[in-house]
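The block underneath contains the structure these notes are about, expressed in C-alpha cells.
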Amino acid sequence: MLTFSTTIQHGIQMLTLRSLTKQIGGLRAVNEVNLLLEEDEIVGLVGPNGAGKTTLLNMISGICPPTAGTITFCGEDITGLKADRICRKGIAKTFQIAESFPGLTALECTMIGALFGNHRKTSMADATKEAVQTLDFVGFPDKKRDTTIKNLNVVELKRVQLARALASKPKLLLLDELTTGLNPIENKEAVGLIRNIRDQGTSILIIEHVMSVIMGVSDRVVVLDHGEKIADGKPFEVVNNQRVIDTYLGDIDAF
Ligand SMILES: Nc1ncnc2c1ncn2[C@@H]1O[C@H](COP(=O)(O)OP(=O)(O)OP(=O)(O)O)[C@@H](O)[C@H]1O
Ligand SMILES: [Mg+2]
C-alpha cells in the first residue's frame, strides 16, 4: 500500500484515527482504518460507491459510534462522543444528501450553526450577523436568505449546509460530496471556496467523486475500497497507483 510516511510530517496533528472500524450486521463497512490529518491540511477521501467513506465521516462526527478503534481530535480522545458534543469541540460536517429543517429559512438554518455549534455564548443579533456574513462568504444569493429550505435548489441547499457548518467556526470541516450536482464552472468556484476556507484556518476532510475537485484542493488523497484504506499519499502518487486505477479510477470518467 502507498502510505504517507510519518517521518515527513511537520505540521501539528489535528485528527488521528487508529484502527477505526464499523461493523453493520455482517458487513464491515469500515475496517481498521488508520488516518492522520494535520492542522491546515486538506485531505481528499475517495473510493467506489459503498467503500465506507460516508460511514467513516459519520463516525468522526459522532453520527454513528465506531465498533472498534479510536478517534483523537486535537490530542483528546473523542471516540463515541455524541454528535452535538463533537460539534462543540470543533468538528462540523455537511451531508451527502442535503436535507435539513425544510421549514426554516436559509438564514435561520445558518444561524443554528452560530447559536448551537460551539461553546461561545451568541446572541440572536450576533448569530444573525454571523449567518449573513457566512452566507455571503459561500456565495449564497442575498435575495434568497428568507426563502425556506424546501424551496431551494440543490446548489443553494449545498451552500446553506456549508454556511451552517462554517457558522459553528469549526477547526475541522468534514465535507461529504459537496460538489455533486454542480456544473464544471460551479466546481471550479467550489475549489476556490474550499481553499479559502482552509486559508482561514480550518482543516478539511473531503469526500468527492469528481476527481478534478479532489486534485484541485487536496494536499493528500486517501483511497478506501471495501472499507479498507488502500492508498494514502500525494495526489499525483495516488492517481498513478496501479491498485487505485484498477479498483476505482479505471471505472470512472471523472477527469
Ligand atoms: N445504516 C446502514 N445499514 C446497513 N448498511 C449500511 C448502513 N450504512 C452504510 N451501510 C453499508 O455500508 C457500506 C458503506 O457505505 P457508505 O455509505 O459509507 O459508502 P460510501 O463510500 O459513502 O458510498 P457512496 O460513494 O455511494 O456514497 C455500504 O455497503 C452500505 O450499504
Ligand atoms: Mg457516501
Side-chain angles (χ1 to χ4, degrees), residues 1-2 15 17-35 37 42-71 78-83 86 91-100 154-155 157-162 164-165 172-182 187 190 194 204-218 220-233 235 238-239 241 243-255:
M1 184 181 69
L2 185 65
L15 180 76
L17 309 182
R18 289 195 188 87
S19 299
L20 203 64
T21 299
K22 183 70 185 182
Q23 185 83 30
I24 304 173
L27 174 81
R28 237 178 215 212
V30 175
N31 192 7
E32 300 199 1
V33 169
N34 295 306
L35 192 147
L37 191 142
I42 302 180
V43 173
L45 183 60
V46 301
N49 294 119
K53 305 178 297 295
T54 295
T55 306
L56 191 78
L57 258 56
N58 283 347
M59 287 192 281
I60 299 168
S61 59
I63 291 165
C64 67
T67 39
T70 59
I71 306 167
I78 60 161
T79 318
L81 291 187
K82 298 258 189 271
I86 289 181
I91 300 180
K93 182 178 181 297
T94 65
F95 291 82
Q96 184 169 352
I97 298 162
E99 49 181 31
S100 51
V154 68
V155 178
L157 267 177
K158 297 237 170 186
R159 288 191 196 273
V160 172
Q161 267 212 73
L162 180 59
R164 179 188 42 71
L172 172 64
L173 182 62
L174 308 173
L175 301 175
D176 195 348
E177 300 203 18
L178 187 73
T179 67
T180 303
L182 305 191
N187 277 340
I194 292 164
I204 297 171
L205 180 56
I206 174 172
I207 298 175
E208 273 304 335
H209 283 291
V210 182
M211 284 307 287
S212 60
V213 172
I214 285 293
M215 296 304 281
V217 298
S218 305
R220 199 150 53 82
V221 175
V222 170
V223 187
L224 287 189
D225 183 36
H226 289 104
E228 293 189 9
K229 188 169 87 168
I230 62 162
D232 182 343
V238 168
V239 294
N241 176 295
R243 186 165 174 202
V244 175
I245 293 167
D246 292 344
T247 56
Y248 181 52
L249 295 176
D251 284 343
I252 60 169
D253 180 20
F255 285 97

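Indexing begins at 1, ligand by ligand and atom by atom, following the structure's order.
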Report summary line: With a cut-off of 2.8 Å, strictly less than, protein N/O/S atoms near the Mg ion (ligand 2) add up to 2
Report summary line: Nearest heavy-atom approach of K158 to L178 is CD-O, 2.9 Å
Query raised in the report: Donor-acceptor pair, K53 side chain versus V223 backbone, under 3.5 Å?
Result: no
Query raised in the report: Can any side-chain N or O of T67 pair as donor or acceptor with the backbone N or O of T21 at less than 3.5 Å?
Result: yes
**Report entry** Main-chain N/O of T179 paired to E177 side chain as donor or acceptor, under 3.5 Å
**Finding:** no
Query - Atom of P65, atom of K22 and distance for their closest heavy-atom approach - result: O-NZ, 2.7 Å
**Report entry** Considering all heavy atoms, the nearest P235-S218 contact
**Finding:** CG-O, 3.3 Å
**Report entry** L174 vs D176 side-chain heavy atoms within contact, under 4.5 Å
**Finding:** no
Query - For ligand 1, the residues whose heavy atoms come within less than 4.0 Å (ordered by chain, then number) - result: I24, L27, A29, P48, N49, G50, A51, G52, K53, T54, T55, Q96, E177, H209
Requested in this report: Please check if the side chain of T79 supplies one atom and the backbone of I71 the other of a donor-acceptor pair under 3.5 Å.
Outcome: yes
Report summary line: Nearest heavy-atom contact between L173 and A165 is CD1-CB, 3.7 Å
